[in-house]
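Below, chain A is the first sequence line, B the second, and so on; all start at residue 1. Note that this is a predicted model, so its numbers are computed, not measured.
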Amino acid sequence: MGYDFKEIEKKWQDKWDELKPFAAVTGSDKPKFYALVEFPYPSGAGLHVGHPRSYTALDVIARKQRLSGYNVLYPMGWDAFGLPTENYAIKNKIHPEIVTRNNIARFKSQLKSLGLSFDWDREINTTDPDYFKWTQWIFLKLFEHGLAYKKEMAVNFCTSCKCVLANEEVVGGVCERCGSEVIRKTKSQWMLKITEYAERLLSDLDDVDYIERVKTQQRNWIGRSKGAEVDFTTTAGDTLRIFTTRPDTLFGATYMVIAPEHPLIDKWRDKIANFDAVAAYRDEAAHKSDFERTEVAKDKTGVKLDGVEAINPVNGRNIPIFISDYVLISYGTGAIMAVPGHDTRDWEFAKKFNVPIIEVVKGGNVEEAAFTDCETGIMVNSGFLDGLPVEEAKKKIVAWLAEKGIGEEKVTYKLRDWVFSRQRYWGEPIPIVHCEHCGYVPLPVEELPLRLPEIESYEPSEDGSSPLAKIDSWVNTTCPKCGAPAKRETDTMPQWAGSSWYFLRYCDPRNSEELASKEALDYGTPVDGYNGGMEHTTLHLLYSRFWHKFLYDIGVVPTKEPYAKRTSHGMILGEGGEKMSKSRGNVVNPDDIVNEYGADTMRLYEMFIGDFEKAAPWSSQSIKGCKRFLDRVYALPELLAEGEGYGKLEKSFNRTIKKVSEDIMSLKANTAIAALMELLNEIAAEKAITAAGLKAFLILLNPLAPHITEELWEQNGFGGYIHQQSWPEYDESKLADDVVEIAVQINGKLRGTVEIPADASDADAIGAAKVNGKIAAELEGKQIIKEIFVKGRLVNIVAR
RNA sequence: GCGGAUAUGGCGGAAUUGGCAGACGCGCUAGAUUCAGGUUCUAGUGGGGGCAACUUCGUGGAGGUUCAAGUCCUCUUAUCCGCACCA
């Protein structure tokens with residue numbers, strides 16, 4: 001057996017190209033459904049088998065929704081700016097634009113070979129000036145609203161890419177992309193104030209349908225902590241402000257710690273007797289990369305400031321001040337009050353530096369270990385807080401601080417502002433001009449897009465500035481405001497920029513007046529189903545939610561949140577269960593699979609491979625089962641027989657329609673396929689299928705295996721195309737059996753089965769069970785204690 | 001260290017959410033077709049016992065709740081992922 005999938009798939013892919021049946025209709029009066037998958041970075045390696053898992057899953061939904069009467073938008077595009085292309089360009093002396101074009105061509109033909117129903121008329125590309133014009137426009141709007149600013153700051157600098165990285169791009173102390181060492185460097189950077197949106201990014205998660213682990217990761221990343229800021233006076237006269245989540249333990253604060261970068265250190269230079277030691281420690285900390293700084297986490301280090309002490313406001317006691325790199329300048333106020341009795345880090349430090357430890361919450365043994373349980377516990381050694389439970393003590397001390405004017409309740413976040421500059425060529429130029437008289441001046445909107453200049457070499461310079469800085473003719477310009485000579489910003493935007501709003505552009509991709517028209521956005525947004533990898537949960541997802549909220553605030557988009565629903569697929573692993581990688585040599589190329597088995601088999605297998613959300617190993621054996629199934633489907637018309645409706649399989653068809661409809665929408669195509677396989681087995685056993693049955697079967701299978709079903713539809717002369725048909729409906733009344741087989745248990749153990757009418761009463765069912773020969777024998781001479789009947793399931797008789 | 005998830009046959013995985021564990025597929029065994037291999041078809045396939053009807057054990061491990069536990073609770077082990085001195 002077997003069918004000529006090569007010919008059939010080519011035929012239908014050409015047909016779809018010609019007829020464009022999957023184009024979303026502008027101005028349709030049908031209800032809309034917006035299905036979205038993360039657009040790929042068109043790398044030189046071509047499509048990976050992981051890509052189609054996500055794309056097929058949403059393609060199945062998109063096709064099913066079209067058949068169910070929706071005007072479906074299922075678009076695709078290219079997130080094409082970025083380092084690998086640029087590095088390839090540097091190495092091979094080819095313009096990144098050409099590299100990008102070639103890679104896109106390859107990706108596109110690969111995607112087409114899978115029969116994905118993308119609306120190719122809406123294809124977008126982040127490197128297209130007509131697209132990035134609007135990325136730049138959004139940046140100017142952010143700038144106009146004070147959300148983009150320039151800041152001199154220590155940044156992560158990749159020694160190999162010669163490039164500044166966002167915190168999120170540093171993984172385990174090394175560059176996320178190339179794995180090289182990351183050091184700290186001070187540079188003037190464009191920043192975006194995502195922190196201004198922290199609270200909304202957190203609380204609005206309640207209104208969206210994201211899978212729980214995505215929400216959890218976003219919450220952790222935003223990292224909201226409620227506590228208080230408290231002012232400590234010092235013997236130097238200056239006030240030292242700290243942040244704490246445990247203001248209730250203020251009486252237990254026996255020392256202070258400030259970050260090595262804290263500005264007061266320099267101010268106190270003359271008062272610190274051991275300034276040399278302090279400065280040495282500070283230099284040491286500055287030279288450590290973030291990685292080293294966190295790597296030595298176990299052993300606490302620090303230097304005590306001689307000559308300056310702080311005064312604990314609750315009891316007037318003088319307490320020492322240390323500098324230590326376990327306190328981070330970037331979080332809170334860069335200074336803490338240390339309560340060794342009730343904080344593990346403070347406890348370790350106090351033990352090492354012989355600082356007194358005071359117990360202020362009862363319940364542990366602070367000489368043995370810090371007692372950190374803050375839920376329960378009663379305050380001790382804490383003056384006016386004594387005897388209060390922790391929660392009440394917090395309220396009381398905050399009120400006391402407020403009254404004295406030396407502190408207040410405060411919420412802080414781990415989330416930091418977004419470092420938005422890259423010293424690279426292949427990115428969107430930042431449309432800002434620096435004028436000596438006017439400062440940073442935005443380019444007038446009419447001058448957008450600001451294109452990249454043609455250059456000879458794409459290498460960043462050794463000092464870490466962008467290759468654009470070398471192009472004098474581009475850099476030197478005039479100030480849009482005063483006309484004086486001025487210089488262009490030479491940094492470009494990070495790759496995250498173009499992907500932060502792309503889903504909006506799909507609604508109206510060729511608009512040259514706006515990023516998308518109001519009507520298009522009103523109709524198209526929000527995205528109804530967005531699927532992507534877990535690796536984008538904290539970066540892309542958060543950044544695009546931030547931009548969307550900003551665009552909502554300035555009246556550009558109609559919804560607060562961009563994505564109504566977010567799901568995430570598991571990785572496809574190599575045959576042995578490890579990650580697929582070139583170095584392991586276990587990479588499966590989708591082209592090979594399509595060649596050997598066909599796109600429909602490939603699609604079916606990727607959907608059948610397992611739980612969509614979990615990682616699953618590829619199996620070159622298992623895929624054969626999917627091919628066999630399609631071969632059997634291809635032979636199905638041989639069984640065509642006369643008959644009304646679904647013939648003898650009325651019930652099975654109705655059940656399968658229900659199951660497949662539900663499973664597809666909840667991304668459980670694996671069990672939908674299993675249901676179709678079961679139905680096929682039943683048809684085969686019956687050796688007959690009615691015309692209506694064949695039609696329904698093909699439509700149910702169509703979203704999963706579109707080519708073969710189009711072909712069979714046509715071959716059997718069912719009229720029109722299968723993609724024009726309506727999704728079959730099931731009849732609720734035909735789902736249930738008249739007679740059901742239920743289990744009979746005695747003392748919870750299965751002892752037999754009995755057939756009873758589906759609507760049998762308790763008494764009838766139990767009666768039927770008892771007269772069953774085997775059951776009766778078992779019950780012989782026993783006393784019945786309890787009888788349980790679960791409708792349609794079982795009877796359980798408890799007997800002794 | 002903190003947070004999250006997962007654990008079911010030889011393998012990938014199902015299980016209406018507390019109700020007949022192992023659907024569906026792979027693999028394997030036997031038979032048929034074939035010169036042979038492949039394909040296809042038929043039957044079987046969690047472990048132990050039995051010729052058999054049947055019986056007993058069984059969802060990482062140990063307890064518990066319940067008429068009934070893969071599913072709920074407590075403890076525990078292993079693996080994966082995320083964050084990592086966040087005061």
Does either side chain, that of A:E38 or that of A:S54, offer a donor lying less than 3.5 Å from an acceptor on the other one?
no
What integer number of Å spans the C1' atoms of B:A62 and B:A53?
37 Å
Between B:A14 and B:A84, how far apart are the two P atoms, rounded to whole Å?
32 Å
May I ask you to evaluate whether A:N670 reaches the phosphate of B:C24, defined as a side-chain N or O under 4.0 Å from OP1 or OP2?
no
Would you tell me if any nitrogen or oxygen in the side chain of A:S225 comes within less than 4.0 Å of OP1 or OP2 on B:A87?
yes
Do A:K414 and B:C83 have a side chain to base donor-acceptor pair shorter than 3.5 Å?
no
Please tell me if the side chains of A:W496 and A:H536 come closer than 4.5 Å, counting only heavy atoms from C-beta onward.
yes
If you assign A:A615 and A:S330 each to the RNA chain B nucleotide with the nearest heavy atom, which residue ends up on the more 5' nucleotide?
A:A615
How would you label the contact of A:Q745 with the nucleic acid (heavy atoms, under 4.0 Å): base, sugar-phosphate, or nothing?
base
Report which part of the nucleic acid A:N220 touches: base, sugar-phosphate, or nothing (heavy-atom distance under 4.0 Å, all strands).
sugar-phosphate
Mind calculating the distance between CZ (A:R628) and P (B:U42) to the nearest angstrom?
13 Å
A cation-pi test, strictly: NZ or CZ of A:K300 under 6.0 Å from the centre of the six-membered ring of A:Y326 and no more than 45 degrees from its axis. Yes or no?
yes
